[in-house]
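The figures here come from the full heavy-atom set of this structure, side chains too, leaving out hydrogens, waters and symmetry mates.
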Amino acid sequence: MGRKGGAAKRREEDPTATRVRRRALALVADAERLLDVGDGPLDAQAIHALRVLCKRLRAVWQLLTPICGRAVTREPERVLRDAARALAGRLEAHVARRTIERLARRHARDDEERAALARLEDLVAERWPAATAEPALAEPLRVAFAAQRTALEDLPPEFTDAELGAGLLRSYARAREQGRRAALLREAAAWHRCRRWAKYELYQLELVVGAHPEQRRIEGLGRLGESLGRFNDVCTLRD
């Protein structure tokens, strides 16, 4: 085995707590690289990637809530929530156009429907500017992610696999509960809450598992998240 392969194997054999902390800090590093734009704006791809990183890091804090307590995890998660909200409006045009393109490609059956979708795309362009974020937004985001690094480094040095399992089970139970509520209520907001907790469970599994995890649940949660994401995009476009 080569030197890199041996190092990777040793990292996967680290205690689970060490691996979770290392992977969470790697998410912060990814965000900091995306924010290293100098005086330039953040484009749509960077905004989307930063919002995903916010969700992944929120999943970390949800995973650690049974271990550290909500008093410890509430504030860093709130910072991430606010950061994601600051970026959300910048993606409206991008998401709407992507949804229209998907509808036209997969579901438009005749010229009349395609013309209606083209007109809708024109309305979107009139209402929302292109998805970019001004340079001034990058600095508070840098501060937010620097705070994440500090909070992660201040965590207790050790926690057990059983404690991490409790965090995973909590997310599974929340996703299941929200899925049942959504099936009864049939409301977009309820499905959005179900998607959030299913994503938390998915991201937590990806943090916790070793190099060769059992993939069935991870793949299933990924497909569920994609389906509910497309549904949410259609609901946003309808609104």
Side-chain angles (χ1 to χ4, degrees), residues 44 47-63 65-66 70 73-109 113-114 116-129 131 166-206 216-239:
I47 294 170
H48 174 71
L50 285 165
R51 279 178 53 81
V52 171
L53 288 168
C54 285
K55 293 174 186 175
R56 287 184 176 274
L57 285 164
R58 288 184 73 183
V60 173
W61 295 113
Q62 291 292 345
L63 176 68
T65 291
R70 195 67 181 129
T73 62
R74 182 185 294 110
E75 179 60 18
E77 197 205 349
R78 182 196 64 77
V79 169
L80 291 164
R81 181 199 66 198
D82 292 346
R85 286 178 177 174
L87 291 166
R90 316 290 173 174
L91 276 181
E92 288 176 327
H94 177 72
V95 171
R97 291 190 185 99
R98 184 187 63 190
T99 305
I100 291 168
E101 289 171 2
R102 185 183 297 121
L103 289 170
R105 185 171 62 252
R106 298 186 180 182
H107 302 293
R109 294 183 295 271
E113 289 184 351
R114 284 187 285 272
L117 287 170
R119 176 57 182 147
L120 184 56
E121 187 171 11
D122 290 341
L123 291 173
V124 166
E126 292 172 9
R127 177 168 298 183
W128 290 308
L168 279 168
L169 186 60
R170 176 174 175 267
S171 294
Y172 163 77
R174 291 287 183 90
R176 184 181 176 90
E177 175 189 357
Q178 294 299 335
R180 286 174 168 172
R181 284 179 56 84
L184 289 172
L185 296 174
R186 296 180 176 274
E187 295 174 354
W191 283 116
H192 180 70
R193 288 190 292 271
C194 171
R195 178 184 178 231
R196 180 196 307 157
W197 281 99
K199 283 283 191 179
Y200 284 166
E201 185 191 351
L202 170 62
Y203 295 152
Q204 290 165 5
L205 283 170
E206 291 175 344
R216 185 174 301 172
R217 182 152 189 84
I218 289 177
E219 292 172 357
L221 286 167
R223 288 193 297 271
L224 175 63
E226 289 175 5
S227 296
L228 291 177
R230 289 193 294 270
F231 175 70
N232 184 71
D233 291 346
V234 171
C235 291
T236 300
L237 184 62
R238 179 187 63 191
D239 292 341

Does a side-chain N-to-carboxylate-O contact under 4.0 Å join Arg70 and Glu77? yes
Check ion pair Arg223-Glu226 (N to O, under 4.0 angstrom):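 Here Arg223 does not pair with Glu226 in a salt bridge, since their nearest N and O are not under 4.0 Å apart.
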As an exercise, state the distance from [atom1] of [X] to [atom2] of [Y], rounded to the nearest 0.5 Å.
| X | Y | atom1 | atom2 | answer |
| --- | --- | --- | --- | --- |
| Leu169 | Arg176 | CG | CZ | 11.0 Å |
| Leu50 | Lys55 | CG | NZ | 12.0 Å |
| Glu201 | Ile218 | CD | CD1 | 9.5 Å |
| Leu80 | Arg56 | CG | CZ | 13.5 Å |

Mark yes or no for whether Gln204, through its side chain, and Ala59, through its backbone, hold a donor-acceptor pair below 3.5 Å. yes
Assess the residue pair Leu221 and Tyr172 against the criterion (side chain to side chain contact (heavy atoms under 4.5 Å, CB included)); give the C-alpha distance rounded to whole Å, side-chain angles, the decisive distance to 0.1 Å, and a yes or no. CA-CA 11 Å; Leu221 286 167; Tyr172 163 77; over 6 Å; no
Considering all heavy atoms of both residues, which atom of [X] and which atom of [Y] are nearest to each other, and what is their separation?
| X | Y | answer |
| --- | --- | --- |
| Cys194 | Gly179 | SG-CA, 3.6 Å |
| Ala182 | Trp191 | CB-CD2, 3.4 Å |
| Ala188 | Phe231 | CA-CE2, 4.2 Å |
| Ala198 | Leu224 | CB-CD2, 4.0 Å |

So, using side chain to side chain contact (heavy atoms under 4.5 Å, CB included) as the criterion, who are the partners of Leu185 when residues are at least two apart? Arg181, Glu187, Ala190
Among residues at least two apart in sequence or on other chains, which ones pass side chain to side chain contact (heavy atoms under 4.5 Å, CB included) with Arg170?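 Side chain to side chain contact (heavy atoms under 4.5 Å, CB included) check on Arg170 returns Gln62, Thr65, Pro66, Arg174, Trp197.
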Does Arg105, at its CZ atom, have more than 12 non-hydrogen atoms belonging to other residues, nucleotides or ligands within less than 6.0 Å?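 Atom CZ in Arg105 is crowded, with more than 12 foreign heavy atoms closer than 6.0 Å.
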Go through Leu184 and Arg180 one step at a time and tell me if the side chain to side chain contact (heavy atoms under 4.5 Å, CB included) criterion holds. CA-CA 6 Å; Leu184 289 172; Arg180 286 174 168 172; 5.7 Å; no
Option among Arg196, Lys199, Arg195 that satisfies the side-chain contact (heavy atoms from CB on, under 4.5 Å) test with Leu228: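 Filter result, single survivor: Arg195.
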